[in-house]
Amino acid sequence: MTDLTERERERVALLEPADTPITLNADEQIVPMWKQRVRIFVHNKLAIASVLFLLITVGSCFLVPLFHPTNQTNQALTFGLPWNQAPSWHHWLGTDSSGFDELGRIFFGGEYSLTLGFFAGFITIVVGTTYGMISGFAGGVTDTIMMRIIDAFLSIPYLFLLITLISIFNRSTVFLICIIGFTLWWGNARIIRGDALLIRNLEYSQAATAMGARKWHIIRHHVFPNSISNIVTVATFSIADAILFLSALGFLGLGIQAPPTDWGTMLQAGTSQIQNGFWWEIYPLALIFILVVVSINYIGDALRDCFEVRLLER
Amino acid sequence: MFAYVIRRIIQSFFVLMIVMLFTFSLPYFQTHGIVAPAYTVLGTKATPYNVAVWAKQHGMDATYFHRFWTYATQVLFHFNLGRSYKENSSVWGIISLYVPRTIWLAAVSLILTTIIAIPLGIYQASRRNTVGDYTATGVAFVLYAMPNFLLAMLLLDAFSFHWPHLPNSPPQGVQAWAIFTDPVGFILPVAALTMLSVAGLSRYMRGTVLEVLVQDYVRTAKAKGCSGSRTLFKHAFRNALGPIIVLLGLSIPALLGGALIIESVFNYEGLGIQTVFAATNLDLPTVLGITLLVAILTLLGNLLADVALGLVNPRIRIEGNSR
C-alpha cells in the first residue's frame with residue numbers, strides 16, 4: 001500500500017496550483033506519451049503485482065489442464081471414491097463433494113468465469129461507449145431521452161434485472177455473456193456521455209468545428225482519444241463486476257448449468273460444506289477469487305493514473 | 001424548492017413509464033410469446049384453437065398499445081402488478097406480505113450505512129495516508145471484491161456455528177415489525193448487508209470529502225484561524241453533504257440487490273427469496289411484478305434523496321433549476 005500513498009499525495013498536490021511553470025531544457029528529450037504512460041504504470045509496484053497475478057491465474061486456468069488433465073465432468077468415474085478428501089499428495093487441494101479434484105476444478109471453473117467476465121466486459125464497453133458517444137454528441141432531446149432510458153434501467157436493481165432476463169432466455173454460456181454484457185453498460189454509457197459532452201464543448205473541438213470538421217472527425221480525433229482513459233478504466237471495472245455478478249448468479253443456482261461450472265457455483269457448493277470443516281473446498285478458491293477481482297480493480301485504478309495527463313512529464 | 005420537487009417527480013414518472021414499457025414488453029420474448037401462460041393453464045398439449053380462445057378471453061389479442069395502456073393504468077391506479085398463472089393468484093397477493101420485510105431490512109441497513117460510512121469517509125479524508133486510512137481502504141477493497149454471499153456465509157459460519165452466539169436465521173413468520181421486536185436474529189443479516197454497502201460507498205465517500213478538503217474556501221477557513229474540527233464540520237462537511245446524499249440515493253439499487261442475496265443466505269422470507277423462487281419456478285409474471293416493484297422503490301428512494309439534496313443545498317433550494 002506504500003505506492004498508494006505516493007499516488008494520493010500526488011493527486012492532492014496536483015489539485016493545488018503548481019508553484020513553478022514547467023520548463024523544458026534544450027538537452028532534455030521529449031518522451032513519447034505512451035512511454036510516459038507505461039513508465040507511470042510500471043512505477044506502480046502493486047499494479048505490476050496485480051498484472052503478474054492475473055497472468056499466472058489466467059495462464060494456469062487455461063494451460064495447466066492441458067498438461068495435467070483431471071476428470072471434471074464424469075461423475076461416474078468418481079463414484080465409489082471417497083468424497084470430500086482432505087488435501088493429499090495425489091489431490092493437492094483435496095476433492096469436492098462430488099469427488100472431483102478441487103485444484104483442477106478451480107482451473108476448470110476459472111476458464112468459464114474469466115472468459116465470461118472478459119467477453120461480457122468487452123460487450124459492455126463497446127455498447128456503453130457507442131451509446132454514450134451518440135448521446136453526448138447528439139445533445140438536446142435525443143440526449144435527454146437516451147439518458148432517461150439509462151435512468152430507467154439503473155433504477156432496476158441489477159440482480160433483479162439479471163434474474164428477470166435469465167428466466168426468459170436460456171442459460172447457456174453464450175446467452176449469459178450476452179445477458180450480462182448487454183445490461184451492465186448503463187453506468188459506463190453515462191460516464192462516457194459526460195466525457196463526450198465535456199470535450200465537445202472544449203475550445204479545440206469548437207476550433208475544429210469552426211474550421212469545418214465533421215462531427216465524425218471530431219469524435220475520432222478529439223473526443224475518443226481524450227476519453228480513452230475513462231473507457232479503459234471502466235472496461236476493467238466492468239470485467240470485475242461481470243465476474244462478481246456471475247458468481248452471484250451461480251450462488252442462486254441460476255448461473256452456468258452443469259457439467260460446466262463457474263467460481264460462483266463452486267463457492268456456493270463450498271460454503272454448504274463449510275460447517276463440516278472441509279476448508280479446502282472454500283478458502284483456496286475464495287482467496288483466488290478475491291485476489292483476481294482485487295487485481296482487476298487495482299489495475300483499473302493504475303490505468304486511470306496512467307492516463308491522468310496531469311501526472312505526465314513530472 | 002417546490003418547482004424543483006415537481007420537476008423531479010415528473011422526471012421520475014417518465015422514468016417509471018420506461019421501466020413499465022420494459023417489464024411489459026419482456027413477455028413477448030418468451031418461447032410462446034405472450035400466450036405462453038396459456039400452455040401453463042391448459043397444459044402443454046393445448047391445441048392452437050384452445051390457446052387462441054384463452055388468449056382472447058384474457059384480452060391478449062388486443063393491440064400492443066391497447067394492452068400497455070391497460071397494464072399501465074392497472075399498475076398506476078390499482079397497484080395491480082399482474083397475475084401469476086403458475087400460482088393462480090395475483091402477484092401482489094403472493095408478495096404483499098414480504099414487501100415490508102425487505103423494506104425494513106434495506107432501510108435499517110441504509111441507516112446504519114449512513115451512520116458508519118459518513119464518519120468513516122470524513123476520517124479517511126482528514127487523516128489520509130495514515131495507517132487508519134490504509135486499513136479502511138484495504139478492508140473496503142477486499143469486501144468490495146468479495147461475492148456478497150461469501151461474506152454472509154463466512155459471518156454465518158463464524159458467529160452462528162464456531163462461536164454460536166447469534167441465531168443463524170431471523171425469526172420466520174411475516175410480521176413486518178419483527179426487526180424491532182426480535183432484533184437478535186437480525187444482527188447477522190443486517191451486519192452483512194451494511195458491511196457490503198459501506199464497502200461499496202466508502203471508496204466514493206473518501207474521494208468526495210477529499211475533493212472538498214482541497215477547495216479554496218477550506219484553505220481560507222484554515223488561514224483565518226479556524227480550528228481543525230470546525231473547518232472539517234462547518235466548512236467541509238456541509239459542502240460534502242450534497243454529493244454524499246446523491247451517493248446514498250444511488251446506492252439503493254445495490255442495497256436491494258444485496259438484500260436479495262442476503263435473504264437467500266439467511267433464509268429470510270422477503271422479496272429476494274420470492275424472486276429466486278419464482279425464477280426457478282419459471283413464473284415470469286411474478287418475477288416481472290417484483291422487478292417493477294423494486295424499481296418503483298428505487299425511484300421513490302432516489303426522489304427522497306433528491307428532496308433531501310434540495311434541503312441541504314441552498315443553490316437548488318433557491319434557484320430550483322441549478323442541476
Side-chain angles (χ1 to χ4, degrees), chain A residues 1-2 4-6 8-9 11-13 15-16 144-145 148-170 240 243-248 250-254 263-264 267-268 270-272 274-275 282 286 289-298, chain B residues 11 14-19 21-23 26-27 29-30 128-129 134 137-138 141-142 144-150 153-154 156-157 161 210-211 213-214 250 252-261 264-265 272 275-276 278-280 282-284 287-288 290-292 294-296 298-299 302:
Chain A
M1 287 286 160
T2 43
L4 207 76
T5 347
E6 246 170 51
E8 299 290 351
R9 209 177 294 138
R11 251 191 210 169
V12 173
L15 289 170
E16 289 157 5
T144 313
I145 292 175
R148 287 296 87 75
I149 292 174
I150 296 245
D151 282 349
F153 286 107
L154 276 177
S155 71
I156 304 174
Y158 189 63
L159 264 181
F160 286 89
L161 182 66
L162 270 188
I163 291 175
T164 310
L165 290 173
I166 280 169
S167 55
I168 292 181
F169 302 107
N170 64 40
I243 293 177
L244 274 175
F245 280 118
L246 179 71
S247 80
F251 168 73
L252 295 173
L254 299 169
W263 283 348
L267 281 174
Q268 196 273 333
T271 46
S272 62
I274 195 170
Q275 299 186 346
I282 173 114
F289 187 101
I290 293 171
L291 281 178
V292 163
V293 179
V294 166
S295 307
I296 297 177
N297 279 335
Y298 198 79
Chain B
Q11 217 171 35
F14 274 110
V15 171
L16 178 64
M17 290 302 278
I18 299 174
V19 175
L21 206 58
F22 176 72
T23 52
L26 271 183
F29 296 98
Q30 289 173 93
R128 63 176 170 272
N129 302 334
Y134 287 145
T137 310
F141 230 75
V142 171
Y144 186 74
M146 218 175 196
N148 301 356
F149 64 89
L150 186 62
M153 277 290 192
L154 292 181
L156 192 65
D157 185 49
F161 185 71
L210 201 59
E211 228 156 74
L213 281 183
V214 296
L250 288 179
I252 293 175
L255 195 69
L256 286 170
L260 187 150
I261 297 284
S264 308
V265 173
T275 318
V276 177
T280 44
L282 295 177
D283 183 1
L284 189 60
V287 177
L288 286 174
I290 297 176
T291 305
L292 182 59
V294 288
I296 293 174
T298 310
L299 283 173
N302 285 344

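Numbered from 1 within each chain, the chains take letters A, B, ... in sequence-line order.
Here the CD1 atom belonging to B:I18 is positioned 8.5 Å from the CD1 atom belonging to A:I145, to the nearest 0.5 angstrom. The distance from the CZ atom of B:F141 to the CG atom of A:N297 is 5.5 Å, given to the nearest 0.5 Å.
In this structure, the portions of A:A248 lying under 4.5 Å from any heavy atom of chain B include both its backbone and its side chain. Interface residue A:L165: only side-chain heavy atoms are found under 4.5 Å from chain B. Proximity to chain B (any heavy atom under 4.5 Å) is restricted, for A:L244, to the side chain, taken from C-beta onward. Proximity to chain B (any heavy atom under 4.5 Å) is restricted, for A:F169, to the side chain, taken from C-beta onward. With a threshold of 4.5 angstrom between heavy atoms, B:A279 approaches chain A through its backbone and through its side chain. Contact of A:L254 with chain B is made through the side chain alone, with heavy-atom distances under 4.5 Å. At a 4.5 Å heavy-atom cutoff, the contact between B:L284 and chain A is made by side-chain atoms alone.
Ranked by heavy-atom pairs under 4.5 Å with chain A, the first of B:N148, B:V276, B:L282, B:T280 is B:V276. Between chain B and the options A:I168, A:V292, A:I282, the largest number of non-hydrogen pairs under 4.5 Å is found for A:I168.
When side chains are defined from C-beta on, A:I163 counts as touching B:L260, because their heavy atoms get closer than 4.5 Å. Contact of the B:F14 side chain with the A:D151 side chain is not registered, since no non-hydrogen atoms from C-beta on lie closer than 4.5 Å. With contacts defined as side-chain heavy-atom distances shorter than 4.5 Å, the pair B:F22/A:I156 qualifies. Counting heavy atoms from C-beta outward, B:S264 and A:L252 have side chains that approach closer than 4.5 Å.
In this structure, B:T298 contributes its side chain and A:S155 its backbone to a donor-acceptor pair below 3.5 Å.
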Test side-chain contact (heavy atoms from CB on, under 4.5 Å) on B:L156 and A:T271 and set out the steps. CA-CA 10 Å; B:L156 192 65; A:T271 46; over 6 Å; no
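The heavy-atom pair separating B:G257 from A:L159 by the smallest distance is O-CD1, 3.5 Å. The nearest pair of heavy atoms linking B:P147 to A:F289 is CG-CE2, 3.4 Å.
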